[in-house]
Amino acid sequence: MAIADDVLVIGGGIAGATAALAAAEEGVDVRLVTHKQSTLRNASGLIDVLGYTHEGEGPIVDPFERLEELPKGHPYERVGTEAVRDALSFFDEVAGDAYAGDHTDSNALVPTHGGTVKPTARYPISTAAGLASVAEDTLLVGFETLTDFEAPLAAAHLEAAGAPFSARGVTLRFPGIVRDDAKLTRYAHLLDHEEPVSTGSGERSARQALAATVRPHLEGESRVGFPALLGDEHAAEVRADLAESLGVDVFEVPMGPPSLPGMRLEDLLYGALEDAGVRVTSGVPVVDYETDDGAIDHVLVDRHGQEIPHEASQYVLATGGLVGKGVRSERERVFEPIFDCYVPHADDRYDWFVDDVFGEQPYARFGVVPDRELRPLDVDEEPEFSNLRAAGAVLGGYDYAAEKSGAGVSLATGYVAGGRAGTEASR
């Protein structure tokens with residue numbers, strides 16, 4: 001017998017989690033199935049809406065002023081500006097005090113580990129004291145065993161980019177860490193649990209030892225930025241203790257993968273899914289499906305080599321784009337691998353890219369084409385299936401990396417797709 005739910009969401013990133021939460025708001029039974037760990041663990045944890053136009057202008061101050069300029073077929077054009085606002089409000093309710101930025105339509109400028117600034121609409125509270133728009137002199141602290149963050153170089157890049165403050169970087173030894181291959185979670189665990197570490201002046205708790213290591217390098221700066229590793233379960237407490245010990249504001253700089261802010265966001269969303277009663281089934285790929293009169297009847301999920309049928313009234317596809325393998329390419333074609341939804345692309349594979357590495361790459365916009373209900377369309381512009389919607393990076397028509405719009409599109413389309421699926425399922 002098939003496992004039955006009202007709404008089945010396929011994919012466990014921001015789009016999938018948001019779709020499942022939005023569907024659950026309609027009072028229906030929702031299940032989320034995901035094959036692998038979500039890409040959230042590799043993400044910055046920032047919620048961007050639109051940092052640059054599709055033509056490369058920016059950084060954008062107010063993303064909502066520019067949404068109406070986006071071309072036809074862009075995911076934001078499909079759902080509309082008000083849906084983007086509603087989705088952000090929905091996220092604000094889920095995130096609570098873990099995120100900041102809901103007080104304004106303007107983008108915040110958040111420093112990154114490369115010394116650039118990223119325009120973003122919502123940002124973890126751990127980064128709030130380090131906004132590049134705030135004119136407070138800054139000390140960036142890197143660590144010898146963490147080569148992904150070169151603090152002096154990042155500080156130099158910030159100053160060269162015209163940041164309205166003096167930035168300086170130092171590279172220090174992290175107390176208690178001697179291995180170059182130590183995971184970020186090891187740094188966080190030391191600080192979370194106040195583990196004792198040996199220092200030149202004896203044994204101290206990890207937080208005390210870190211503050212003592214940094215304190216001699218302060219030269220009047222009013223804030224200190226660390227790579228994003230300041231605790232996990234007790235991150236707010238770790239930052240508060242360091243700020244008190246150092247007598248300055250303390251913030252985290254978002255890092256590349258793996259990402260503790262991304263892991264925290266994943267924990268936040270999956271905690272909300274549990275609270276909403278959404279059933280989550282992880283580690284199981286969807287491998288096939290059956291249809292009935294133009295609708296998906298059920299899908300088959302591979303569980304340890306056994307194909308288990310899952311049926312629902314409505315389905316949401318949120319499996320990611322080329323990076324997440326929700327869209328795949330072979331030598332002759334580009335396709336969506338679960339339902340074989342239509343993905344527009346040039347017949348000649350050499351037209352899928354341009355030689356200029358910084359040029360506008362056609363493959364960046366690969367994805368399924370949705371109608372305004374976010375139902376994937378076939379080559380004749382008819383819905384592939386009457387009860388399937390798509391959300392997030394599996395959608396085409398935009399370049400999330402160039403626009404700095406990835407999380408925002410996932411949030412907005414997930415919210416709309418899930419909400420409409422839930423509404424249909426409740427009828």
Side-chain angles (χ1 to χ4, degrees), residues 5-49 79 83-102 120-128 231-236 259-284 312 314-320 324 389 391-393 406-423 425-426:
D5 297 281
D6 296 317
V7 175
L8 182 69
V9 178
I10 305 169
I14 292 179
T18 303
L21 288 170
E25 289 270 296
E26 302 301 322
V28 298
D29 292 331
V30 182
R31 183 181 299 272
L32 183 150
V33 297
T34 178
H35 181 197
K36 299 178 180 178
Q37 285 184 331
S38 78
T39 53
L40 281 169
R41 291 173 169 263
N42 297 321
S44 66
L46 303 174
I47 303 296
D48 41 27
V49 170
V79 300
V84 181
R85 289 187 182 277
D86 291 343
L88 279 175
S89 296
F90 185 74
F91 175 80
D92 293 337
E93 292 179 9
V94 173
D97 59 4
Y99 272 71
D102 60 339
T120 189
R122 302 290 187 271
Y123 44 95
I125 197 69
S126 65
T127 69
D232 186 13
E233 297 174 6
H234 306 292
S259 163
L260 268 175
M263 295 178 194
R264 294 172 194 150
L265 177 56
E266 182 181 56
D267 290 343
L268 186 155
L269 291 173
Y270 277 74
L273 289 171
E274 183 178 0
D275 292 343
V278 174
R279 300 173 181 88
V280 176
T281 305
S282 301
V284 291
Q314 300 289 319
Y315 296 81
V316 177
L317 179 68
T319 46
R389 290 173 175 81
V409 166
S410 291
L411 187 65
T413 56
Y415 175 76
V416 171
R420 291 179 182 172
T423 299
S426 67

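Not one N or O on the side chain of T127 forms a donor-acceptor pair closer than 3.5 Å with the backbone of Y123. Checking side-chain atoms of D6 against main-chain N and O of D29 turns up a donor-acceptor pair under 3.5 Å. No side-chain donor-acceptor contact under 3.5 Å links S259 to the backbone of N42.
With rounding to the nearest 0.5 Å, the separation of CG in L260 from CD in E266 is 11.5 Å. Remark: R85 CZ to Y415 OH distance equals 14.0 Å, nearest 0.5 Å. To the nearest 0.5 Å, atoms CD (Q314) and OG (S426) are separated by 9.5 Å. Atom CG in L265 sits 11.5 Å away from atom CZ in R41 (nearest 0.5 Å).
V28 approaches G422 most closely through the heavy-atom pair CG1-O, 3.7 Å. What you find for A100 and I125 is that their closest heavy atoms are CB-CD1, 4.0 Å. Counting all heavy atoms, side chain and backbone alike, G392 lies closest to S410 at CA-OG, 3.7 Å.
Checked against ring pair (Phe, Tyr, Trp, His ring centres under 6.0 Å), F91 has the following partners two or more places apart in sequence or in another chain: Y99.
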Would you list the atom pairs, donor with acceptor, under 3.5 Å between side chains in residues 270-283 and any protein atom, with sequence neighbours excluded?
unit_1	atom_1	unit_2	atom_2	d
Y270	OH	G12	O	2.8
R279	NH1	D5	OD1	3.4
T281	OG1	R31	NH1	3.2

TODO: Could you check T34 against I10 for side-chain contact (heavy atoms from CB on, under 4.5 Å), going step by step and ending with a plain yes or no?
DONE: CA-CA 6 Å; T34 178; I10 305 169; over 6 Å; no
Task: Derivation and outcome, salt bridge (Lys or Arg N to Asp or Glu O under 4.0 Å), residues D48 and R122 - done: CA-CA 7 Å; D48 41 27; R122 302 290 187 271; over 6 Å; no
TODO: Give the intermediate values and the outcome of side-chain contact (heavy atoms from CB on, under 4.5 Å) for residues L88 and D102.
DONE: CA-CA 8 Å; L88 279 175; D102 60 339; over 6 Å; no
- [ ] Go through the steps for D92 and V94 under the test side-chain contact (heavy atoms from CB on, under 4.5 Å), then give the verdict.
- [x] CA-CA 5 Å; D92 293 337; V94 173; over 6 Å; no
- [ ] Could you walk me through whether L8 and V316 pass side-chain contact (heavy atoms from CB on, under 4.5 Å), step by step?
- [x] CA-CA 6 Å; L8 182 69; V316 177; over 6 Å; no
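Side-chain atoms of V7 and V9, non-hydrogen and from C-beta on, do get closer than 4.5 Å to each other. Annotation: side chain of L40 is in contact with side chain of L269 (closest heavy-atom distance under 4.5 Å). Residues L21 and F90 are in side-chain contact: their nearest non-hydrogen atoms beyond the backbone lie under 4.5 Å apart.
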